[in-house]
There are 2 protein chains.
Amino acid sequence: MNCAQLLHGVEKGDIMQSYNKWIKWGLGALAILALIGILVFFGNYFSKNNVDNSHDTVTTKSNGKNGVQVTGKTNNSNYKTVIKNGHYLTSKARGVTASKNNNQFNIISFENGLLDFSKDHFSPSDYVFQEGQYLDSNTANDWLGRKSKDNPNGLNPNDNKKTDSSRNPIYLQTIEEQDYMKQKDGKLELGGIVLGLGMNTEDTYQKEQYGANFVQKISAEDRVAQGKEMAQEVVQRYRKMNGISNDVPIVVAMYAQAPDDSLAGGNFYSWNKSASGDKLGNWNKLNYKTVTLPIQGSQDDPNQKSPAADLNKSFTNFTNNVQNFFPNLSSVTGQATYKDSQVKELNVTISTQFYSATEITNFANYVAQVAPNYLPKGVPVKISISSSSNMQAYVTKQANDDKYTTTILGNN
Amino acid sequence: MNCAQLLHGVEKGDIMQSYNKWIKWGLGALAILALIGILVFFGNYFSKNNVDNSHDTVTTKSNGKNGVQVTGKTNNSNYKTVIKNGHYLTSKARGVTASKNNNQFNIISFENGLLDFSKDHFSPSDYVFQEGQYLDSNTANDWLGRKSKDNPNGLNPNDNKKTDSSRNPIYLQTIEEQDYMKQKDGKLELGGIVLGLGMNTEDTYQKEQYGANFVQKISAEDRVAQGKEMAQEVVQRYRKMNGISNDVPIVVAMYAQAPDDSLAGGNFYSWNKSASGDKLGNWNKLNYKTVTLPIQGSQDDPNQKSPAADLNKSFTNFTNNVQNFFPNLSSVTGQATYKDSQVKELNVTISTQFYSATEITNFANYVAQVAPNYLPKGVPVKISISSSSNMQAYVTKQANDDKYTTTILGNN
């Protein structure tokens, strides 16, 4: 049957029938368009006046400079964050904690560690991260000070004027608030608070102004006992703050600072939760440990066997392999973070003398090739390569990828 | 026909026939096994005594510390490199070129640029990279010096004792040899040489010892003319060297150094090839350009329209977006490399003031999100984020991937 025959076969009645069909289709289509219109209207209404609900995209200028927005997120393991009036919403106590810390490794491991810790309590798929908005700089400074007539809110003990081991040390070095927000009906609502308390393991003081530095060690027993009391006090004070309702969960994580001269940061050692009201629950142990590689000294002593003994062995093999690449030896050190005897993260630093850009490029490619044979799989690894001539390279892998990527940098 | 019927149908003659078949098969199989044995034997022989032929794997200790090996390669765009006696085979003129260069950007763009340039002439899938083994340090120093009684081999003109614009400047600043090897019958054979000549665009000198620095500009005309003569002379000298046969191709690439105070490296501007013998062929133009972003000044002037005008616009939008993230402004600069009006690579540097590790983490994640909306696709992009408190982050993507990955680093 060709086209002409087909057309001849169409009778008048058929044509009427198809008219009817078209009318029905048309009405249906109009109804759908109207529904879409209403949905679009309300969608715009909510996103313009409140919080942008879009996932996985970045809210930029379209929503204007006013009001609160959230950033998109790059993947499921990162929090979305809060943008207010076009800017990142910074902490109310911005800069207080950082300036109180002499060891840069402590800052990074404390603050990013707290962010990681929070993921177990407030999942990034349900909550938006907001820098602490309840504790302001002045209050934070008061709390971190010693208790005195002028500063009745000081959490650290009063100055007992002693300059020997009977001296009252500064126990609480730093305090960090992180807010976890829920998106509800297009608005942001406080869903929970995580407080990090950074406790000193030693305290540096002077016997006279501008005098020599003395170091007072703080026993683990004292630190833990003092920390428990302070955590209880801090939660009580938070409950009284404006905007924090009685049933917003407050989680407290306790961190032991590494000494100022340590090459690694400190570790979180316990946490507690106030589901509602003033009371804390039971203390839960956190078993974090930072190990500097290669392990010095007594790792062959079976009584001192470190959970990192195996890693140390393969790290040493990695080092031997890499050190032999150039005729001149390079120095290789590592920092492994453990949680419950499991490696969580490994950072490696290689310093060597390079004489040309092709050397550093080929060295970085070589490191990327041999690293999978020696270094742990399934955890993020960062290898930073630096040379005295300021050229730098990074060889990194993510937790979920065992292929290393190399990045060569000039001097910045 | 079921199984029983099938078996009944087999006569005695058939059984004899299948015996014969088995014997034939058996003999055939034995012959093949013997052949495999011989191949394996010779394969082992070559790989043990000469060069390891394995692709995509790393040759490590198994082949001992003696002899020549090649590293595996991470992907098809990187060269395999040469390991000799267990070490990376460094250049015979190691350190000569680097020490002659005051601008770090020149070193990286010259040496890595030469490596990239070579890929068009000696493909990484066919050739192995070897640092230059023919020009040694002493010879390189002589060549880079001025011609004089003591140094008849100096390629730079004699000192005419002038201290004004009639002074003979140092035209040739640096020389770099790269060898491209072929793997043949398990041995490495020289397959081609690439020479990079770094020409000065200005020369710094003192009128008296320890006196003030004066800068003598070198015109493009002079630089190109001098470079052509020097390239011809260098190729003639290479042909006379031990181990370089008459028909090994020698490719010369000419590089114009950026001034010492430039924030970007220089550019390759031409190349030539001696397929065999002393003679060079025709000079070919190389159209590389390094543009510092944002472009200052007259980019709105249509006569001065840069190939980077569009990139500059989107870079400025990127900068505005990123600068607004924190209440305190950050500085954002970029360096784009162009080849024939096409972006080849982009490096971005962001400096800002961070007050906490969560700020830099969230900032880096934000940058990784917005970058794809503004920065070029299909080329490698490196964004380095640094803060006055020494925390650093890198946001990078490869050419063939448009997803950015973030790396947060402590201070090293």
Side-chain angles (χ1 to χ4, degrees), chain A residues 58 60-61 71-74 78-79 81 86-88 90-91 94-95 97-98 104-105 107-108 110-112 115 129 131 176 178 321 324-327 347 349 355-359 361-363 365-366 368-370 373 382 384 386 389-391 394 396 398 404-412, chain B residues 58 60 71-74 78-79 81 86-88 90-91 94-95 97-98 104-105 107-108 110-112 114-115 129 131 176 178 321 324-327 347 349 355-359 361-363 365-366 368-370 373 382 384 386 389-391 394 396 398 404-412:
Chain A
V58 185
T60 46
K61 286 170 198 165
T71 61
K73 47 179 181 171
T74 44
N78 286 330
Y79 284 105
T81 58
H87 296 309
Y88 180 75
T90 55
S91 166
R94 197 184 193 203
T97 48
Q104 190 84 33
F105 291 114
I107 302 179
I108 294 175
F110 176 58
E111 293 181 328
N112 278 344
L115 200 64
F129 170 84
E131 302 263 358
E176 170 99 359
Q178 297 182 344
N321 189 320
N324 275 322
F325 192 72
F326 285 119
N347 292 328
T349 308
Y355 290 92
S356 71
T358 48
E359 283 188 7
T361 301
N362 287 321
F363 182 62
N365 286 338
Y366 181 75
Q369 285 171 345
V370 297
N373 302 339
K382 289 176 213 162
S384 123
S386 60
S389 62
N390 265 335
M391 275 182 282
Y394 292 95
T396 52
Q398 314 284 319
Y404 285 77
T405 56
T406 60
T407 307
I408 316 292
L409 298 156
N411 61 341
N412 289 308
Chain B
V58 186
T60 45
T71 62
K73 48 179 182 172
T74 43
N78 287 330
Y79 284 103
T81 59
H87 296 309
Y88 180 75
T90 54
S91 166
R94 197 184 192 202
T97 49
Q104 190 86 31
F105 291 114
I107 302 178
I108 294 174
F110 175 58
E111 293 181 327
N112 277 344
L114 196 62
L115 201 63
F129 170 85
E131 302 262 358
E176 170 98 1
Q178 298 183 344
N321 189 319
N324 275 322
F325 192 72
F326 285 120
N347 293 327
T349 309
Y355 290 92
S356 72
T358 48
E359 284 189 5
T361 301
N362 287 321
F363 182 63
N365 286 339
Y366 180 76
Q369 285 170 343
V370 297
N373 301 339
K382 289 176 212 160
S384 123
S386 59
S389 63
N390 266 335
M391 275 182 279
Y394 292 95
T396 53
Q398 314 284 318
Y404 284 76
T405 55
T406 60
T407 307
I408 316 292
L409 299 156
N411 61 340
N412 288 309

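These numbers come from a predicted model, not from an experiment. Sequence lines set the chain letters: A, B, ... in the order given, protein chains first and strands last, and positions in each chain run from 1.
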Shortest non-hydrogen contact from Glu111(B) to Thr358(A)?
O-CG2, 3.8 Å
Non-hydrogen atoms of Ala357(B) and Asn112(A) that approach each other most closely
O-OD1, 3.6 Å
Check each atom of Thr396(A) against the heavy atoms of chain B and say whether the ones under 4.5 Å are side chain, backbone, both or neither.
side chain
Given heavy-atom pairs under 4.5 angstrom as the criterion, report whether the side chain, backbone, both or neither of Thr405(A) touches chain B.
side chain
Which region of Phe129(A), side chain (C-beta onward) or backbone (N, CA, C, O), has a non-hydrogen atom less than 4.5 Å from a non-hydrogen atom of chain B, or is it both or neither?
side chain
Whatever's closer than 4.5 Å to a heavy atom in chain A on Thr81(B) counts as side chain
Please state whether the side chain, the backbone, both or neither of Glu131(A) comes within less than 4.5 Å of a heavy atom of chain B.
side chain
What is the minimum heavy-atom distance between Phe326(A) and Arg94(B), and which atoms define it?
CD2-NH2, 3.6 Å
Greatest number of heavy atom pairs closer than 4.5 Å to chain A - which of Asn362(B), Thr407(B), Leu115(B)
Asn362(B)
